[in-house]
Novice: 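Structure provided below as structure tokens; questions to follow.
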Amino acid sequence: MTEDKGILIHNVYYMLAYAFQELRQNNYAEITGETFDDIYDLFAEIITRGISYQLKQGLYRQYVAKNESMHTIRGKIDINGTIANKTRHIHQIACDYDELSENNIYNQILLTTATLLIKHSDVKKEKKSKLKQLMLFFQNVQPIDVHAIRWNALCFDRNNQNYRMLLYLCYFVISEWLMTTECGKFKMREFSDDHMCRLFEKFVLAYYKKHHPELKPCAAQINWNIEFEQSTTNILPIMQSDILLTIDDRTLIIDTKYYAHTMQQQYNKATIHSNNLYQIHTYVTEYDENHSGKVDGMLLYAKTQEEIVPDGQLKRKDGNYIFFRTLDLNTDFEAIKKRLDSFVL
């Protein structure tokens, strides 16, 4: 995607800092002065600091259901288990009870992710050493099968809200691992454009929320401009915008894109990806239900090293503009901020 990988990795940190306010707190800010050669080296440093901070607060404990045979009653008696004990001449009562434990899904994910990073060849030795030292405090926590994690089922409250950002990074790391049948070893892919696309989207929205709250930035769903009472279908797809801004009396819908190749080739000519254009065009026309011409769209691409990159605009006959813009993530972050500001000022 970029020529200088080091600059991009540092800007990934800044994008994460906007997406997750926790990175602006505690000792995370010191990361900006470090050098990273790989994206997973950065993740290892953030997760190391996050776990260190959490250990000072105490690992999150959660009630875990247990079944155990004992001489005294604890919790509820397990009738079937107690009968089974008697048939085996075991003079103990089987009990079901709940116990506060560090061995819960949140800590299991942290342990498993740290273990994967320790195995990764691109993570520096000193960072691996720090992670190994921290894992000594996870002796009561068991690793988890990465395929068994139900990410959508994770819930956060005031007792474990510090885990939210860390587990988001764990998701990035874990979902890039592939189990292979070759001698039972792990194999990791390069950090994917799919993950960068999601981070790019979160960053742009968070940036406008912080620096331009007057634009009421949000990621709103766009309703279909149809007569529902006279329509017989209920299988229309949901139109989910990345960023929706209100600028004076106009609305700007931004759809972010992070591709290795921002343009497609048709008949030896570079053109905008058809699906991208159809998507933003639909968002604009459906949102502008009264054909006022006051709803505009923008395809915002992360800049690549291609000679031709999206840059221009078109105007529909209704008055709507559709802009094609790029954002160079391989440059000084102040330049990135100025570029984002220029889109709305």
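Every value quoted in this text rests on a predicted model; they were computed, and no experiment measured them. Reckoned from all heavy atoms, side chains included, excluding hydrogens, waters and symmetry mates.
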Novice: For I90, which fellow cluster members are found when Ile, Leu, Val, Met, Phe, Trp and Tyr are connected by side-chain heavy-atom distances below 4.5 angstrom, either directly or through intermediates?
Specialist: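 Its cluster mates, by chain and number: none.
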Novice: Does E227 have more than 12 heavy atoms from other residues, nucleotides or ligands lying within 6.0 Å of its CD?
Specialist: no
Novice: Determine the interplanar angle of the Y40 and F43 rings, folded into 0 to 90°, and report it as parallel if under 30°, tilted if 30 to 60°, perpendicular if over 60°.
Specialist: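 Answer is perpendicular, since the angle exceeds 60°.
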Novice: May I ask you to check whether over 12 heavy atoms, not counting those of D157, lie within 6.0 Å of atom CG?
Specialist: yes
Novice: Give a yes or no on whether Y63 and F156 share a hydrophobic cluster (residues Ile, Leu, Val, Met, Phe, Trp, Tyr; joining criterion: side-chain heavy atoms under 4.5 Å apart).
Specialist: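 No, it is not one cluster - the side chains of Y63 and F156 are not joined through contacts under 4.5 Å.
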Novice: Taking the side chain as everything from C-beta on, heavy atoms only, tell me whether L314 gets closer than 4.5 Å to F323.
Specialist: no
Novice: Decide, yes or no, whether a salt bridge links D96 with K76 under the criterion of side-chain N to carboxylate O below 4.0 Å.
Specialist: no
Novice: Could you tell me if the ring centre of H10 sits under 6.0 Å from that of F333?
Specialist: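 That pair fails the under 6.0 Å test.
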Novice: I'd like to know if the side chain of Y97 pairs up with that of E68 as donor and acceptor (distance under 3.5 Å, no hydrogens or angles considered).
Specialist: yes
Novice: Is the closest side-chain heavy-atom distance between P237 and W224 below 4.5 Å?
Specialist: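 Counting from C-beta outward, P237 and W224 do come under 4.5 Å.
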Novice: Answer yes or no: does atom CG of D248 have more than 12 heavy-atom neighbours from other residues, nucleotides or ligands under 6.0 Å?
Specialist: no
Novice: Side chains of D288 and N320: do they bring a donor and an acceptor to under 3.5 Å?
Specialist: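 Yes, a side-chain donor-acceptor pair sits under 3.5 Å.
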Novice: So does Y168 have more than 12 non-hydrogen atoms from other groups sitting under 6.0 Å from OH?
Specialist: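 For Y168, atom OH is crowded (more than 12 foreign heavy atoms under 6.0 Å).
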Novice: Is it the case that K128 and Q133 place a side-chain donor and acceptor less than 3.5 Å from each other?
Specialist: no
Novice: Is L345 linked to L327 within one hydrophobic cluster, defined over Ile, Leu, Val, Met, Phe, Trp and Tyr using a side-chain heavy-atom separation of less than 4.5 Å?
Specialist: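 L345 and L327: one cluster.
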Novice: For the residue pair Y301 / N276, report whether a side-chain donor-acceptor contact shorter than 3.5 Å exists.
Specialist: yes
Novice: Okay, side chain of D41, backbone of K124: is any donor-acceptor separation there less than 3.5 Å?
Specialist: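 It does hold such a pair.
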Novice: Should the pair R49 and Y28 be classed as cation-pi, given the thresholds of under 6.0 Å to the six-membered ring centre and 45° from the axis?
Specialist: no
Novice: Using the six-membered ring wherever Trp is involved, compare the ring planes of Y60 and Y106 and label them parallel, tilted or perpendicular (cut-offs 30° and 60°).
Specialist: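 Y60 vs Y106 ring planes: perpendicular.
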Novice: Distance-only, no hydrogens or angles: does the T331 side chain make a donor-acceptor pair with backbone N or O of D328 under 3.5 Å?
Specialist: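 Not a single qualifying donor-acceptor pair exists.
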Novice: For D296 and Y287, does a side-chain donor sit closer than 3.5 Å to a side-chain acceptor?
Specialist: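 No, no side-chain donor-acceptor pair sits under 3.5 Å.
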Novice: Show the nearest heavy-atom pair for residues L131 and A44, with the distance to one decimal.
Specialist: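 The answer is CD1-CB, 4.3 Å.
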Novice: Would a distance-only check, ignoring hydrogens and angles, find a side-chain to backbone donor-acceptor pair under 3.5 Å from N140 to E102?
Specialist: no
Novice: Evaluate the side-chain contact (heavy atoms from CB on, under 4.5 Å) criterion for residues I47 and T113: first the C-alpha distance (whole Å), next the side-chain angles of each, then the deciding distance (0.1 Å), finally the verdict.
Specialist: CA-CA 9 Å; I47 289 174; T113 304; 3.9 Å; yes
Novice: Ignoring hydrogens, what is the shortest heavy-atom contact between N103 and Q142? Give both atom names and the distance.
Specialist: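 That closest heavy-atom pairing would be OD1-N, 2.9 Å.
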Novice: For the atom pair OG1 (T115) and NZ (K132), what is the distance rounded to the nearest 0.5 Å?
Specialist: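 The distance works out to 10.5 Å.
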Novice: Can we say K66 and E99 salt-bridge, meaning some charged N sits less than 4.0 Å from an Asp/Glu carboxylate O?
Specialist: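 E99 and K66: salt-bridged.
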Novice: Quiz question: by atom type and distance under 3.5 Å, do the side chains of N162 and Q57 form a donor-acceptor pair?
Specialist: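 Absent: no donor and acceptor within the cut-off.
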Novice: Could you list who else is in I93's hydrophobic cluster, with ILVMFWY side chains joined at under 4.5 Å, directly or through other members?
Specialist: I73, I77, I79, I83
Novice: Do any N or O atoms from the side chain of D242 and from the backbone of T256 form a donor-acceptor pair under 3.5 angstrom?
Specialist: yes
Novice: Between Q240 and A219, which heavy-atom pair has the shortest distance, and what is it?
Specialist: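 What the structure gives for the nearest pair is NE2-O, 2.7 Å.
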Novice: Does any part of the side chain of L300, heavy atoms only, come nearer than 4.5 Å to the side chain of F324, both counted from C-beta?
Specialist: no
Novice: Are Y283 and I238 joined in one hydrophobic group, where the rule is that I, L, V, M, F, W and Y side chains link up if heavy atoms are under 4.5 Å apart?
Specialist: no
Novice: State the NZ-CG distance between K216 and L244, to the nearest 0.5 angstrom.
Specialist: 11.0 Å
Novice: Given side-chain contact (heavy atoms from CB on, under 4.5 Å), test T251 with I247 step by step and report yes or no.
Specialist: CA-CA 6 Å; T251 298; I247 307 173; over 6 Å; no
Novice: Can you tell me how far apart CD1 (I222) and OG1 (T282) are? Round to the nearest 0.5 Å.
Specialist: 9.5 Å
Novice: Side chains of N107 and Y163: donor-acceptor distance under 3.5 Å anywhere?
Specialist: yes
Novice: So do L154 and I109 actually touch side chain to side chain, heavy atoms under 4.5 Å?
Specialist: yes
Novice: Can you find a pair of side-chain heavy atoms, one from L215 and one from T246, that are under 4.5 Å apart?
Specialist: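 They are not in contact (no side-chain heavy atoms under 4.5 Å apart), so the answer is no.
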Novice: Does the pair E334/K337 count as a salt bridge with the N-to-O cut at 4.0 Å?
Specialist: yes
Novice: What I'd like to find out is whether the side chain of M135 reaches to under 4.5 Å of the side chain of L111, using heavy atoms alone.
Specialist: yes
Novice: Judged by atom type as modelled, is there a donor-acceptor pair below 3.5 Å linking the side chain of N330 to the main-chain atoms of K303?
Specialist: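 Looks like no, no N/O pair under 3.5 Å.
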Novice: Nearest 0.5 Å please: distance from the CG atom of D255 over to the CG atom of L299.
Specialist: 6.0 Å
Novice: Can you name the nearest heavy-atom pair linking I174 to I149, along with the distance?
Specialist: CD1-CD1, 4.0 Å
Novice: Decide side chain to side chain donor-acceptor pair (under 3.5 Å) for Q279 and K257; before the verdict, give the C-alpha distance in whole Å, the side-chain angles of both, and the deciding distance to 0.1 Å.
Specialist: CA-CA 12 Å; Q279 181 183 25; K257 304 294 180 184; 3.0 Å; yes
Novice: Atom CG of N290 and atom CG of D318: how far apart are they, to the nearest 0.5 Å?
Specialist: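 Those atoms lie 11.0 Å apart.
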Novice: Between Y18 and F203, what is the ring plane arrangement, given parallel below 30°, perpendicular above 60°, and tilted in between?
Specialist: perpendicular
Novice: On a heavy-atom basis, which atom in F137 and which in L59 lie closest, and how many Å separate them?
Specialist: O-CD1, 3.8 Å
Novice: Honestly curious: do I280 and Y278 fall in one hydrophobic cluster under the side-chain, below-4.5 Å linking rule?
Specialist: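 No.
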Novice: With side chain to side chain donor-acceptor pair (under 3.5 Å) as the criterion, how do N223 and E286 come out once you've worked through the C-alpha distance, each side chain's angles and the decisive distance to 0.1 Å?
Specialist: CA-CA 7 Å; N223 296 323; E286 293 300 302; over 6 Å; no
Novice: If you round to the nearest 0.5 Å, how far is CD1 of I118 from OG of S129?
Specialist: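 S129 OG to I118 CD1: 9.0 Å, rounded to 0.5 Å.
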Novice: Return the minimal non-hydrogen interatomic distance between L134 and T48, and the atom names on each side.
Specialist: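 Looking at all heavy atoms of both residues, the shortest contact is CD1-O, 3.5 Å.
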Novice: Verify the neighbour count for atom CZ of R250: are there more than 12 heavy atoms of other residues, nucleotides or ligands below 6.0 Å?
Specialist: yes
Novice: Are E214 and H212 linked by a side-chain donor-acceptor pair shorter than 3.5 Å?
Specialist: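 Looking only at side-chain atoms, H212 and E214 do form a donor-acceptor pair, the distance falling under 3.5 Å.
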Novice: Quick one, L329 and M15 - any side-chain contact, counting heavy atoms below 4.5 Å?
Specialist: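 Yes, at least one pair of side-chain atoms sits under 4.5 Å.
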Novice: Do side-chain atoms of T112 reach the backbone of P143 as a donor and acceptor pair under 3.5 angstrom?
Specialist: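 Looks like no, no N/O pair under 3.5 Å.
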Novice: Just wondering, do K127 and E45 contact through their side chains at under 4.5 Å, heavy atoms?
Specialist: yes
Novice: Are F36 and I31 close enough, and set up right, to give a side-chain contact (heavy atoms from CB on, under 4.5 Å), and what steps lead you there?
Specialist: CA-CA 10 Å; F36 300 98; I31 295 176; 3.5 Å; yes
Novice: Before you tell me yes or no, could you show the steps for H273 and Y259 under side-chain contact (heavy atoms from CB on, under 4.5 Å), namely the whole-Å CA-CA distance, both residues' side-chain angles and the distance that decides it to 0.1 Å?
Specialist: CA-CA 11 Å; H273 284 277; Y259 296 146; 4.0 Å; yes
